[in-house]
Amino acid sequence: MSEPTIESILQEQRLFPPSAEFASKCQIKSLEDYQQIYERAKADPVAFWESIATEELHWFEPWHTVLEWKPPEVKWFLGGKINISYNCLDRHLQTWRRNKAALIWEGEPGDSRTYTYAQLHREVCQFANVLKQLGVKKGDRVGIYLPMIPEAAIAMLACARIGAPHTVVFGGFSAEALKDRLLDAQAKLVITADGGWRKDKIVPLKEQLDLALAQNGVPSVAQVLVVARTGQTIQMEPGRDHWWHELRVGISPDCPPESMDSEDLLFILYTSGTTGKPKGVVHTTGGYNLYTHITTKWIFDLQDTDIYWCTADVGWITGHSYIVYGPLSNGATTLMYEGVPRPSNPGCFWDIIEKYGVNIFYTAPTAIRSFIKMGEHYPLARNLSSLRLLGTVGEPINPEAWIWYHRIIGGGHCPIVDTWWQTETGGVMITPLPGATPTKPGSATLPFPGIIADVVDLEGNSLPNNQGGYLVIKHPWPGMMRTVYGDPDRFRRTYWEHIPPKDGQYLYFAGDGARKDDQGYFWVMGRVDDVINVSGHRLGTMEIESALVSHKAVAEAAVVGCPDEIKGEDIFAFVTLENNYQPSDSLSDELKQHVVKEIGAIARPGQIRFTDGLPKTRSGKIMRRLLRNLAAGQDVVGDTSTLEDRSVLDKLREQDH
Ligand code: WTA
């Protein structure tokens, strides 16, 4: 199987229109319908978003201004009062959906639970009341460090209900990474579990949190709320740590939702950028609610009888927008799975689809590639006929994997929505609409209505079709990030200054390379900055470099991505050692383990190459392009004249042979 190289993708000509039968049942039934909505939104985005906000969401009080755009500062629905937990729960209780399954959960060891909307509402209200009892007030930040259990969604909704912004930290992050995030967010309380199940093992979440909080490591954290999941013994610090199952006893299930300003902070989610420190991406209430609601509705063409399953983790933006907020705001049945496919259970995804009759399935290309490797006999041995729509997210999908997904999982009849977006964008930006858009394997196709996307050069000039350039967005949209938490300057620099405003128009710089074809379809080629995408997990090369140089043996480190058949990219680290250390396999293992400790297992380098020096320019900048070539096992291409010391490169090349 080959990687999605520019050459292979440029040759991709196959077109997959939705069947007439599928399209006839969709909310948006044809390309003409899409184009009409798209043009209407483009001509007057403010009127477009205003009409959707009126039709689709419940507001306690209406807004007085739809959009205020003082680049890069943006505000949507100013003056509007809203609560996303009300839109996700309360408003469905007044309809027949009251007793519809809201959340179906499948645990890793085979246990399961289902919550109706009425039950979920009750749980969320009780959870919110416990948070209040522990002193959490509107505006206080709450850390969430949980496995994929219903309480993760319940905790998020409970925070939203009382106006306490949450910051969810992926359970795979280490104590160090958790500490950094809690410190930056100045969290007052953290919600965790005694442990979580992952790949037949217990992840000791509370233990990691204890390490992060040790020696007053995060002074703002006064309380810890612990959910019992695995039942193993953990330390409970008196006065600080509380069991959720104990505090909920006798707690009222009545908790009126806080009336939030549309622009009040809903959550902070940390993501990797080009510097060592992860950024706290800020999302606010009204615009995010609207954008995740309407994208979920149209892209997944939700019908009331559907069982919808997104396999992401709630620790990432996909889990926030497309497991919790988007589906629940639509009154859908959303499925959540604690585990991930593993060698001892290679058919687990297909078992779940069969068990629950899943209709809409949304996963990552990495997962698809690993299923291809495991063999098609696993999915073929299950009844997957309930599926009607498939989706992918997180990284470019190679056409071979797309075709396999279409044929083996979708039985040749399910449209695939390849959705391009980012933590920063809040929701999907470029995507097919399943009843409208003929798809091409490997292309995320066309922008969602209201999104003006383009491919430009570094000066902001639009590029002609079929020419590679930078992906930008030209008009603000409701789901966009508002700032980097505590660092508005970084927000401006990272997203709005790479490419200068063109004719007075500000361009949001996504950090991805892309091209458009003759039909206006977008082909996203991957990151153009120092961010790498390993199994759909976004990591900054600088973060990993900082982790490496914090080890006493390391003098200097440079990290690049290299192509990987399953993960898309893998982490390749070039390391120079301090004088008194010698390269060895055991040191290599030790360094890998050190990165796991500093960041988490997702950042473990696949390969470490020891070297005497790194190729640098005369001004001292590491020439990453050359390292990327070497890591990919290619010959070094392009200009090397700016190298300060050519012999460094020659030595590295020798090592290659
Ligand atoms: C990449 C995940 C190609 C891209 C939702 C982006 C994609 C980064 C796609 C954001 C796709 C996401 N095709 N590339 N369909 N979806 N990406 O913030 O490089 O974890 O910039 O958000 O993933 O990753 P993040």
Side-chain angles (χ1 to χ4, degrees), residues 3-4 6 9 12 168 170 172-173 268-274 278-283 291-292 295-296 299 310-323 326 362-369 390-399 401-402 405 416-432 437 439-448 453 455 470-473 479-481 484 494-495 498 508-515 521-541 543 561 567-569 602-603:
E3 284 308 306
I6 294 183
I9 284 178
E12 184 54 59
V168 182
F170 172 58
F173 277 121
I268 308 167
L269 185 59
Y270 287 85
T271 189
S272 296
T274 46
K279 326 176 251 234
V281 170
V282 165
H283 283 289
Y291 197 67
T292 52
T295 47
T296 310
I299 297 165
C310 163
T311 67
D313 191 288
V314 288
W316 310 116
I317 191 69
T318 307
H320 282 57
S321 301
Y322 298 111
I323 295 178
Y362 188 33
T363 195
T366 289
I368 298 165
R369 288 191 294 262
L390 304 173
T392 71
V393 57
E395 39 174 337
I397 182 164
N398 44 320
W402 194 103
Y405 195 33
I416 297 179
V417 288
D418 173 354
T419 60
W420 176 84
W421 61 295
Q422 311 178 295
T423 307
E424 293 87 338
T425 67
V428 174
M429 303 289 281
I430 301 180
T431 177
T437 319
T439 50
K440 299 181 188 180
S443 170
T445 75
L446 299 167
F448 193 78
V455 178
Y470 302 96
L471 182 56
V472 295
I473 311 294
M480 67 197 281
M481 76 184 284
V484 172
T494 312
Y495 303 102
H498 264 280
Y508 168 83
F509 173 73
D512 278 314
R515 72 172 182 98
Y521 277 36
F522 284 79
W523 298 79
V524 180
M525 315 304 305
R527 302 290 305 194
V528 293
D529 53 9
D530 294 328
V531 169
I532 51 180
N533 196 328
V534 183
S535 302
H537 295 146
R538 185 170 153 180
L539 292 161
T541 51
E543 264 173 274
K567 301 177 185 175
E569 275 185 293
I602 52 170

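In this chain, numbering begins with 1 at the start of the sequence shown. Order of appearance sets the numbers: ligands from 1, and atoms from 1 within every ligand.
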R538 bridged to E424 by N-O distance under 4.0 Å:
yes

Lys/Arg-Asp/Glu bridge criterion (N-O < 4.0 Å) met for R369, E395
yes

Heavy-atom nearest option to [atom], drawn from [options]:
atom	options	value
atom 7 (C) of ligand 1	H537, H320, E395	E395
atom 15 (N) of ligand 1	V531, I317, D418	D418
atom 4 (C) of ligand 1	D512, N533, T445	D512

Check for a donor-acceptor pair, side chain of Y470 on one end and backbone N or O of V528 on the other, with a separation under 3.5 Å.
no

When you check the side-chain N and O atoms of Y322 and T295, is any donor under 3.5 Å from an acceptor?
yes

Going by distance alone, is a donor N or O of one side chain under 3.5 Å from an acceptor N or O of the other, for S321 and T292?
no

Among protein heavy atoms, which sits nearest to [atom], and what does the distance come to when rounded to 0.1 Å?
atom	result
atom 3 (C) of ligand 1	P396 N, 3.1 Å
atom 5 (C) of ligand 1	W421 CE2, 3.5 Å
atom 24 (O) of ligand 1	R538 CD, 3.5 Å

What residue among T271, V484, T425 forms side-chain contact (heavy atoms from CB on, under 4.5 Å) with V281?
T271

Using distance alone, determine whether [X] and ligand 1 share an N or O pair under 3.5 Å.
X	value
G394	yes
E424	no
T318	no
T423	yes

Kindly say whether the aromatic ring centers of Y495 and F509 come within a distance under 6.0 Å.
no

For F170 and W316, I'd like to know if the aromatic rings sit close, meaning centre-to-centre distance below 6.0 Å.
yes

Taking the six-membered ring of Y270 (Phe, Tyr or Trp), confirm whether the NZ or CZ of K279 is under 6.0 Å from its centre and within 45° of its axis.
no

Close-contact set for ligand 1 against [X] heavy atoms, below 4.0 Å:
X	answer
V393	5 (C)
V524	3 (C), 14 (N)
T419	9 (C), 11 (C), 15 (N), 16 (N)

